[in-house]
Structures are given as structure tokens and as C-alpha cells.
There are 2 protein chains.
Amino acid sequence: MNYERLFAFTAFADPMNFTRAARQLHISQPALHVQVRKLAEEVGRPLYRRSGKSLVLTAEGKALAAFGREVQDRGRSVLEEVRGQSSTGPVTVASGEGAFLYLLGPAIRRFPKERWPLRLLTASGPETVEAIRESRAHLGVVGAAGAPQDLAATPLRTIGQKVLLPPGHRLARRRKLRPADLSADRLVVAPAGRPHRAMLDQLFRSAGCALQVAVEASGWELMIHFARLGVGIAVVNDFCPVPRGMVGVRLMGAPDVTYYLVERDGIAGPGVKAMRQLIVDTVRAG
Amino acid sequence: MNYERLFAFTAFADPMNFTRAARQLHISQPALHVQVRKLAEEVGRPLYRRSGKSLVLTAEGKALAAFGREVQDRGRSVLEEVRGQSSTGPVTVASGEGAFLYLLGPAIRRFPKERWPLRLLTASGPETVEAIRESRAHLGVVGAAGAPQDLAATPLRTIGQKVLLPPGHRLARRRKLRPADLSADRLVVAPAGRPHRAMLDQLFRSAGCALQVAVEASGWELMIHFARLGVGIAVVNDFCPVPRGMVGVRLMGAPDVTYYLVERDGIAGPGVKAMRQLIVDTVRAG
DNA sequence: CTACAGGTATAACCAACGACGATAGCCACT
DNA sequence: AGTGGCTATCGTCGTTGGTTATACCTGTAG
């Protein structure tokens, strides 16, 4: 296998667009196209396929792109080590949902970004796992139903749910609440299909009471915002800070969701190791 | 970094000889030499150095050669996976001393060699560790003072020492022996410098008695052979079978030596995983 | 339906890299 | 001093990969 072609292909696989990838590589579009075609011939399988207007990678293409990224990443780090330079390769962290906002803040703040540039990749849970598996990110943080066999996953923190209420609300003085207590209220919830919404639906159904939707909002920030405006009361992860002028009450019966740090097993550079340690320490401490 | 040059260099790094390596690669010696020179220029460090007649790798050269081997190994396996062929890359096991003879026999016998060719690399303890670190072998088995930080080591079995005696010997009926019991006898031992010999020297010194050498032999097989010939009595690892017509008596006071399976952390192919499991199972069982 | 926009794929041409044979240099051994 | 085995460099030539020009596809807008 010709590795220059492999790297050309990985460069293409990121934007899935020959023209833009070629610009990135400072070569012409035909040159890049030929490289990829020859790689596919070498491998003996198509690496991508048309889907209407755009192109999508085949399974083989994904595997090769992942391998290429991995080799380049390791290669840069080996080269820096050999040259005696301190490692300087960027560290990429992917994360779903609110983890960036509420879990990873301290780690990101304290990470020495002048030594290793930090790249953040915001994605949903499955997308995060995919980014790790395809070597597009070094570390990922996902909640609950995340990590499969081939990725190393270390539990970070287990988190419950709480209800955000205005101070004058009839339930605001309670120490804890159950789903049945909320059946009279209209709630601010995530849109259908999102895992948090699915969890709530399931919770109310098994408690035998109806969930009344005030408004659907995507993202914790937005949900909290609507709750502050008095549109409805919100059920959010325990890691969300209770905004000024509201009260938070523990919601019982909701399944605790565990956040995991996922990573590819393999040889991590010093920057990745540092970030890994920082995330584990700060999240477990906080 | 140009990877074709890197692979040319790894091919050279194995025999440390341009002429032979070039023949192996089916290119001319000057062609290979230029590749390596250009790689060194690219990296900015010398990759090897003359030492009298022969050439030796610098630290940088070793690191690059290790990386190159690793990439080629993974690359082959990825390619086979992508092509849908079952993995067929050879599995290399390195081991020191008697482990091949007495510990790994069952694993080697039961390993499906028709699926994955098996390559065995006989080496001393430190050489085994070096072979793993330089990606020249996938798995290694070493006794005791083996595995440092950067390699994953799993304990396999802890083994004591025993004394091989002719049946008529005055100590042959004893259940166990101490170094002092042997001070009147002449022993078959490993040559000076070998770890087993160092261990015995240390043992007798701390017991305050002298060790009398009958003959020095390298290798368990040879030591046992001389013991059978009646040249002297031998102290050997517990895993050596007691030969027909002799008796083995446990030697107390000798430090138990633990055998470890060492490997590079990283992504192992299916063949390596199978061998790993086989070694762990058979050695722990036996 | 036609024209257009954005991107993919192929062709013809040219520069650069890499392989080769020849050969000089180095080192150990006889 | 001479020889064998190997490393290192040079000039030459073919293959590979890059470039521009251009045809082709697919969805969108007039």
C-alpha cells in the first residue's frame, strides 16, 4: 500500500469533497482524484460511492481513513520525539451535549493550550463514539449508552436529574420530587428523539402519569433559558448549575446516567495523556 | 515524513546491512542507501553510526525503525480486513531461556499455524524486552526482572527452584533442601553473568556457604544433561521436567521468579490476540 | 426545458523523483 | 601489499505524480 496515497485519501475523507481537500493539500483537484483512484485500485475495493449529489465513504473507506489518520497522528508524535522537540500535536476532544458546558469546563480551562493546541469537536453521543473510532478525536465524553467493546471506556461521574422551578412554585420548598408530582405542570423538554426526552417519556410512562409539554428546546442552555422565562418547569441533568432566581429540586426515580471517557486503545502522546488525566481528575472532583 | 523511505529504512534496520537489505527489497544497494540518507535529512538527525566495520542504529534510528515496523504490521492487517480476507499476518513470539522449552510448548503446539504463520525469536531476557519495544515481536515471555513502564506485562506463573540428584545421593530422600545442604557438593550451574547463576551466587552468599562449581553449562537442557551424566548436581527452575532416573527436590530460600507476558500496548491483530490468550491459558493451567 | 453552478472524472503534457550501473572509498583480514 | 565485503556518490534514464484544459454528471433556478 502506498502511504502517500493513503494520506491523500484521509485528507479527502474529512470534507468528503475533492475540490476543497485538494486546496487544503495545495495540489490540484485532478491530482488528488488520481491518488484516491489509484489507492482504491490498489486495495481492490471502492472507497466511496455517490449518494445523489454528495459522496459517502464505504465501510472500507472508513476503515482506511481511520488507519491513515492514526498513522499520521502517531507519525507526527514520533517525529517530534525523535527531533527532541517537545510534543506539539493538537489534542482533539469530542463530546456530546452539555458535557462541554458543565463537565469539561475546568479541564479545558486548565489544559496548557500553549503547549498543545486544543481542538474541540461538538457532537452527539453516537457521533462522538464514531469520531473516536475513526481517529478523528483522541478523547470523547459521552453519557450512558456509549462505549462498545473496541473502545476503552472509563467511568467519570454518575449524575441524576433535577427539576428547575421558580421560587414561588407550589413545589419549590420540597426536598425531592417524583414524576407524579409534575403531572399537573407543563414541562420544558428536549425534542422527540433525543435521549434525554426518551428517558423522560419512559419515566413518566412507567410512573403511570402523562408528560405535558410546554415547549421543546434542544440543549441544556436553551431549556434553562425557557424555564427562567417561566414558559414551564424544566428537568435537567444534575450537573447544570441552578440559575440565579430559581430553585432546583432532586427528581427521584429517574435513572442515573453515567458519563464515560472513551478513547481508542493504542499509544497516546503526552498531550493526550495530560488531557486524559485532567478530565478524570476534574470531573471526578467536581 | 515520506513513508516509503521509512519502510526502506526499517528494512535496512533489521540486518543492519545495506547490501543484503537491498537484495531483500529487490532494489539496488545505491537506491536503498539514498532512501535512508534522505530520510535522515528529512528527520534532521543521523539514524545510524559506524562502529568499526559494522553500523549501529542511533536512539533516533531505533525509534523510527520501531515505528515503521509497527505501521507496516498494522497496515497489513488493516488491508487484509478491508479486503475481507481473513487476517494472515505472521505472529512473532520472543522468549528468553527455557520458557520456549518448558512454558510455551502447549501454546505453540495448539496455535493454528496454518491460519497465521508463527515466528519464534529466541533471545535473552533483555533482548526479548528490546524486541517487543522495537516492534520486532508481538509477544514476549520473560522471567522476573523484565517489564518496565512502557510495556504491558501480565504475570503468567511464579516458579521456584529444584535440585536434580541421582537416586542414590545422600540427599535424594529429603522433601526439601536448603543451600547449606549443598555446600559439600559440586554443582552444575549457568556461566557467570547469567541471571540464574547470579541468583545462585547471591543465595549461597547470603546463606553463608560456598558454591562449588562442577561445570558451567548454558541452557537448562545442557545443565540437566550434565546432571544426568553425574558430573554434579544441578539447580534448575521448577518448570524443567525431572529426567528419567533422577529425583528432584525443592530448594528452599531461593527467590521465586515470576514469568511475565510482555507486549506493546496498541492494537493487536486477531492472530496475536489468539496467541496471547493461548499462552495465558496454557501457562496458568500447566 | 434550458441554462447554470458546483463538483467529479479523464486526457495530454511536463517536471521531479527514484532506480540503475559504474566506481571510488573505507575497513578488516591475510 | 593485496583482497573481499561493504558503504557512499555520480551521471543517466524511466516512471510517477503534478499541472492545465475540458468533458461529464446532478441538482436548482428561470
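Below, chain A is the first sequence line, B the second, and so on; all start at residue 1. The basis for the numbers below is simple: all heavy atoms, side chains too, and nothing from hydrogens, waters or symmetry mates. Because the structure is predicted, anything quoted here is derived from the model rather than measured.
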Inset, instruction - Return no unless some side-chain N or O of A:His33 is found under 4.0 Å from OP1 or OP2 of C:dA9. - result: yes

Legend entry - Basic-acidic side-chain contact under 4.0 Å: A:Glu130, A:Arg136: no

Legend entry - End axis versus end axis in the helix from C:dC1-D:dG30 to C:dT30-D:dA1, the angle rounded to 10°, five pairs used at each terminus: 10°

Inset, instruction - Name the residue closer to the 5' end of DNA chain D, choosing between A:Val34 and A:Ser51 according to the nucleotide with the nearest heavy atom. - result: A:Val34

Legend entry - Distance below 4.0 Å between A:Arg5 side-chain N/O and D:dG17 OP1 or OP2: yes

Legend entry - Below 4.0 Å: OP1/OP2 of C:dT10 and any side-chain N or O of A:Arg37: yes

Inset, instruction - Output every pair passing side-chain hydrogen bond (donor to acceptor under 3.5 Å, both in side chains) with a member in residues 188-198 of chain B, not counting sequence neighbours, ordered by first then second residue. - result: B:Glu97-B:Arg194, B:Gln161-B:His196, B:Arg197-B:Asp201, B:Arg197-B:Glu216

Inset, instruction - Kindly point out which of D:dT19, D:dG17, C:dG7 is positioned nearest to the side chain of A:Ala31? - result: D:dT19

Legend entry - A:Lys38 side-chain proximity, nearest of D:dG17, C:dA22, D:dT7: D:dG17

Legend entry - Under-4.0 Å salt bridge between B:Glu41 and B:Arg37: yes

Inset, instruction - Using atom CG of A:Leu47 as one end and atom P of C:dT8 as the other, report the distance to the nearest whole Å. - result: 15 Å

Legend entry - Carboxylate-amine/guanidinium contact A:Glu70 A:Arg264, below 4.0 Å: yes

Legend entry - Residue-phosphate contact under 4.0 Å: B:Gln29 side-chain N/O, C:dA19 OP1/OP2: no

Inset, instruction - Tell me which nucleotide among D:dT19, C:dT8, C:dA22 gets nearest to the side chain of A:Phe18. - result: C:dT8

Legend entry - Check: A:Tyr48 ring centre within less than 6.0 Å of A:Phe9 ring centre: no

Legend entry - From C:dC20, D:dT26, D:dT20, nucleotide with atom closest to A:Arg50 side chain: D:dT26

Inset, instruction - Check every atom of C:dG18, D:dC6, C:dT10 against the side chain of B:Asn17 and return the nucleotide holding the closest atom. - result: D:dC6

Legend entry - Nearest to side-chain heavy atoms of B:Arg20, which nucleotide of C:dT10, D:dA8, D:dC6: D:dC6

Inset, instruction - Would you kindly compare B:Tyr48 and A:His26 by the position of their nearest DNA chain D nucleotide and give the one closer to the 5′ end? - result: B:Tyr48

Legend entry - A:Lys53 side-chain proximity, nearest of D:dT20, D:dT26, D:dT9: D:dT26

Inset, instruction - Would you tell me if any nitrogen or oxygen in the side chain of A:Thr19 comes within less than 4.0 Å of OP1 or OP2 on C:dT8? - result: yes

Legend entry - Separation of C:dG18 C1' from B:Ile27 CD1 (nearest whole Å): 9 Å

Inset, instruction - Have a look at B:Glu4 and say if it touches a base, only the backbone sugar-phosphate, or nothing, with a 4.0 Å heavy-atom cut-off. - result: nothing

